[in-house]
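Start at 1 and go down the list; that is how both ligands and their atoms are numbered.
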Amino acid sequence: MSDPGASRRTGTRELAPAAVEAMALTWRAAPGGVAGYGFLTLAEAAAPIATAWLTKTVIDRLTTPGGAVAGLAAGLAAAGLAAAALPGIGRYLRAQTGRLARADAIDRLFAAAERQVGLRRFEDPVFLDRLRLAQEGAGTTGDLVSGVCGTLNGVLSLAGFVASLLILSPAMTALVLLAAVPALIAELLLSRRRATMQWDIERIHRREFFYSRLLTGVQAATEIRLFGIGAFLRARMMAERRRADVAEARMDRRELVTQGGLTTLSAAVAGAGLWWAVTAARRGSLSVGDVAMFVAAVAGVQAALDTLVSSLASVHQRLLTFSHYVAVIRAEPDLPSADRGTAPALCQGIELRDVWFRYSDDHPWVLRGVDLTIPHGRSVALVGLNGAGKSTLIRLLSRMYDPTRGRILWDGVDLRDIPPADLRERISAVFQDHMNYDMSAAENIGLGHLPALEDPARIEEAAVRAGVHQTLSGLPRGYDTLLTRVFFSEADKGDPETGVVLSGGQWQRLALARALVRDGRDLMILDEPSSGLDPEAEHEVHAGIREHRAGRTSLLISHRLSAVRDADLIAVLHDGRIAERGPHEVLLAADGHYARLFRLQAAGYQEAQ
Ligand SMILES: Nc1ncnc2c1ncn2[C@@H]1O[C@H](COP(=O)(O)OP(=O)(O)OP(=O)(O)O)[C@@H](O)[C@H]1O
């Protein structure tokens, strides 16, 4: 279970730990509910057996002169009452236990996903499929318990009715039981097939979900309309839907045929039994009560077998799904992480020593022996063409991945020897693909440093420094304004106080404020912090950043070379290596890649004059 992305299918071996985990989880979440439900299961199983015996005895006494039946009738009424009331109480307990177990399971699942310190698992389609099935498994933990209770109910009812039937006819008992064996095997095979089918169509569902999100989300809405690609995307979505439907229909047909055959078999056995009982009664070897008991017992055995077989099949299938949950919560972190030690406060600097990296064995090398030092208290800029590997290098610095070869040293300590959370505590960053959270303006900034959520002055200070304070304070509810409209109904949408939508550049400033609120960190990473800003805003933001970077350790990535010229050191990433390094003037004088790019950009501006 250490590598939840390794295997596409779940084997029977994984079912036992899944069963133990599900039981333990449900017991922890709702011990009272499980105990109550277990008790009700016993009572529910006992009620029909008691009813059958009481009925037989009442009939026998009624057909015998002078037999007292009042007490038996009362018992029969009590058993009937129990049979009527218990299922309702059981349903409530089952639902309540299910809710508690589900909440616990979902919480643990998401905590486990968070334990994946890097990004690799989230780029692995097999893991993503597993994660989705795990969510499904977590959501139905309670059903698993009710399936187990159903199985228990089936076993108990079966035992009671089989014992009753044995007294009347051992041969008929054997026949009824034998008829159940193919049903049991067939149902288990069917549930395994259904679980395999679910796993196989998981990718189809993921693609369908992707298209449906595109078609219903606001992000792609403009392009979809402008390019007129709605029908094209819908056709693709429906093609995926139909592929999934075909697989499901095939499965349903298989179930229909198998279950139809099994039902016919049960009916034939019941008919033969009835014929035997009636002839035996006519011969005088069975009483009228015995015939009633026999009919009830055959029906009871078949109903119990039915419950047992379908509960077992459902438990089996749910366990197959739940085993994905177990695989995810027991998954080792994707990166080996030290759990002891701390990231020392940066005094000397960060050194990349012969760092090689590729995203996987079948991807090309992105970095091919990068040697770079980011000295403490200095500003370093990283430039390079699209796809040169700049953002990749940042992901390695914040340990979203480990270098394939080589080492990254934080004051001489390998990043692998520092707990990732500790390392990240010392870093602040604005990412090129920053997040826009559907939350309030204050929360969008405060997420950069959670204690700041209680400190409005600190949030405001960061907003001022990112140049977004004026925008935010002018919103209908100031910093408490929601920066989204997704939570409001159509009727609310006319009211500006229900949420606003910011522009791309305003969001970018907000992302900068989120990084700045994390003040006092040892390393500030700025990956294209101003790409969506207007020239005035860009100038203003870079002036602010320059001031902020003075005397601090920072790494800035920007294609706008005028923004990086003041860096203490500029490194040019080319062909996976640092091709040039030095201050602006030195690189210009060297007349290499940097000088060529800088002159190209400068010429563009001059032409415009
Ligand atoms: N998650 C990923 N899986 C596989 N390959 C990736 C992944 N992310 C990036 N790459 C590849 O790695 C290379 C470097 O990408 P990276 O984003 O680091 O470049 P960059 O220098 O930041 O580019 P840009 O200037 O366009 O932002 C590219 O060829 C890209 O296709």
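The atoms of ligand 1 that sit less than 4.0 Å from any heavy atom of Gln432 are 27 (O). Listed by number with element, the atoms of ligand 1 under 4.0 Å from a non-hydrogen atom of Arg395 are 8 (N). Applying the 4.0 Å criterion to heavy atoms of His559 picks out, from ligand 1, the atoms 25 (O).
Comparing Asp362, Asn386, Thr392 against atom 18 (O) of ligand 1, the shortest heavy-atom distance belongs to Thr392. By heavy-atom distance, the residue among Gly387, Gly389, Pro364 lying nearest atom 23 (O) of ligand 1 is Gly387. Scanning Ala388, Ser391, Gly384 for the heavy atom closest to atom 22 (O) of ligand 1 points to Ser391.
Any N or O atom pair closer than 3.5 Å counts here, and His363 shares no such pair with ligand 1.
Nearest to atom 1 (N) of ligand 1 among the protein's heavy atoms is Glu123 OE2, 2.9 Å. Atom 10 (N) of ligand 1 has Tyr359 CE1, 3.3 Å as its closest protein atom, hydrogens excluded (heavy atom only).
Side chain of Arg424 to main chain of Ser398: a donor-acceptor pair is present (N/O by atom type, distance under 3.5 Å, no hydrogens or angles). Here the side chain of Glu351 pairs no donor or acceptor atom with the backbone of Ile408 at under 3.5 angstrom. A donor-acceptor pair is defined here as one N or O able to donate and one able to accept, closer than 3.5 Å; such a pair exists between the side chain of Arg518 and the backbone of Gly448.
Counting heavy atoms closer than 4.0 Å to ligand 1, residue Val366 contributes side-chain atoms (C-beta onward) but none from N, CA, C or O. Contact annotation for Met400 and ligand 1: no heavy atom of the residue comes within less than 4.0 Å of the ligand. The proximity of Glu528 to ligand 1, defined as any non-hydrogen pair under 4.0 Å, does not occur for either the backbone or the side chain.
For the 3.5 Å distance criterion, the side chains of Tyr594 and His574 fail to qualify, holding no donor opposite an acceptor. A side-chain donor-acceptor contact under 3.5 Å links Tyr211 and Arg236.
Using a 4.0 Å threshold on non-hydrogen atoms, atom 30 (C) of ligand 1 does not count as touching the protein.
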- Message: Working note: His559 + Val383, criterion side chain to side chain contact (heavy atoms under 4.5 Å, CB included); need CA distance, chi angles, decisive distance, verdict.
- Response: CA-CA 7 Å; His559 289 296; Val383 300; over 6 Å; no

- Under the side chain to side chain contact (heavy atoms under 4.5 Å, CB included) rule, what do Leu397 and Ile350 come out as? Steps first, then yes or no, please. CA-CA 9 Å; Leu397 272 181; Ile350 302 156; 3.7 Å; yes

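Put simply, the residue from Ile427, Ile374, Asp522 that forms a side chain to side chain contact (heavy atoms under 4.5 Å, CB included) with Thr553 is Ile374.
In this structure the side chain of Thr484 never reaches within 4.5 angstrom of the side chain of Tyr437, judged on heavy atoms.
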